[in-house]
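Okay, structure first, notes after.
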Amino acid sequence: MTHFDQPLGRLEDLPPDYVAALRAQNLVPLWPSLRAVLPPNVPTRQTKPTYWSYQTLKPLLLQAGELTPIEKAERRVLVLANPGHGLEKMQASAAMYLGMQLLLPGEWAPSHRHTPNAVRMVVEGEGAWTTVDGEKCPMSRGDLILTPTGLWHEHGHDGTEPVVWLDVLDLPLVYYMEASYHLNGDRQTVKPGSGERMWTRAGVVPTPVFQRSDKRYPMLRYPWTETRAALLALAEDQPGLECVQVTYVNPETGADAENILGFYALMLRPGQSLCLPVRSPAVVFHQIEGHSEVRIAESSFTLSEADTCCAPGYTEVTLRNLSSEQPAFIFMADESPLHRKLGVFESRS
Ligand code: GTQ
């Protein structure tokens, strides 16, 4: 045993007038807090395994529609907040923000742009659209729509029933970096064409006069019909494949669709259990179709359609399809692109 194995000195071990003299100079001794900021082996995580039921949340969201007109809300959203961080922080994890947004028929959420990146996962309803950078993206159940950093976006609704979608933003991180702000703009002029049409077929990309697109975000809408078909084809082609998963990418470069958060769709075969590797980033699970059990360390949640839960990083997660007849489809968001760029990404199994 070396003498460095002993417990570190505490703040109370120091003379109060010494601590006061330090504080008066904006100085703090490290050793009483060293273990808290650099714990052994596993990081301290505020993120708690947390579950949000859509069935419970939906009437409260519809009530918000009655209580608060869109003009008084700009974005009518109930935030899915992780109690581990404190609800007022509006965080699902260290870097992820989740919100359920309601748009009623005829409403319009005005054009703005901001530094955080966002995506929308459409939960329910038909007839809404988001115009992103001049491209009008129809919103149908399961579609993923990107509104990346700096791109103008506005939401409208020409249908007859309420539309609900899940917002996933890297707002907590961008806010923490003191880099979060927005600008309001005018209604956008819609341009013809859509990335979703141009990049739907894998293996070929548009090359007008041999030129590849140099847009950072060529594809803004990922229709669920295409993603679902890709998962089913993958499962059928590779019957032995355990993890039937696709990643939402930039179709020109193969890079993650956005810079900070990663987005994935996963299919569980009928009755399948899938043990995910223990990795550094936190993960969000949102059930698109079917019913799944999500076990996160000692917690266990049953996800029905449109339910959402989150898992902290460095935690064992097991997914199980509760149906022995139908596949289950899950949308996932995580902090992998961020961890990889920062060089702190880790997988322990
Ligand atoms: O729809 O632009 O949930 O700006 C939070 C901030 C949604 C949006 C949110 C936003 C939006």
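Atoms within a ligand are numbered from 1 in the order they appear, just like the ligands themselves. All of these numbers come straight from a predicted model, not from anything done at the bench.
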Side-chain touch D307/F301, heavy atoms, less than 4.5 angstrom: no
Could you label the plane-to-plane angle of the H112 and H153 rings as parallel, tilted or perpendicular, counting under 30° as parallel and over 60° as perpendicular? perpendicular
What are the atom names and distances for all N or O pairs under 3.5 Å between ligand 1 and the protein?
{"residue": "ligand 1", "atom": "1 (O)", "partner": "R75", "partner atom": "NE", "Å": "2.9"}
{"residue": "ligand 1", "atom": "1 (O)", "partner": "Q101", "partner atom": "NE2", "Å": "3.1"}
{"residue": "ligand 1", "atom": "1 (O)", "partner": "R120", "partner atom": "NH1", "Å": "2.8"}
{"residue": "ligand 1", "atom": "1 (O)", "partner": "H155", "partner atom": "NE2", "Å": "2.8"}
{"residue": "ligand 1", "atom": "2 (O)", "partner": "R75", "partner atom": "NE", "Å": "2.9"}
{"residue": "ligand 1", "atom": "2 (O)", "partner": "H112", "partner atom": "NE2", "Å": "2.8"}
{"residue": "ligand 1", "atom": "2 (O)", "partner": "R120", "partner atom": "NH2", "Å": "3.4"}
{"residue": "ligand 1", "atom": "2 (O)", "partner": "H153", "partner atom": "NE2", "Å": "3.0"}
{"residue": "ligand 1", "atom": "3 (O)", "partner": "Y97", "partner atom": "OH", "Å": "2.8"}
{"residue": "ligand 1", "atom": "3 (O)", "partner": "D167", "partner atom": "OD2", "Å": "2.7"}
{"residue": "ligand 1", "atom": "4 (O)", "partner": "H112", "partner atom": "NE2", "Å": "3.1"}
{"residue": "ligand 1", "atom": "4 (O)", "partner": "H114", "partner atom": "NE2", "Å": "3.1"}

I'd like to know if L169 and V79 are part of one continuous hydrophobic network [Ile/Leu/Val/Met/Phe/Trp/Tyr, side-chain heavy atoms within less than 4.5 Å]. yes
Enumerate the residue pairs fulfilling salt bridge (charged side-chain N to carboxylate O under 4.0 Å, His left out) with a member in residues 265-288, sequence neighbours excluded, ordered by first and then second residue. R279-D334
Using only heavy-atom distances, determine whether the side chains of Q287 and Y54 contain a donor-acceptor pair under 3.5 Å. no
Any donor-acceptor N or O pair under 3.5 Å, side chains T147, R120: yes
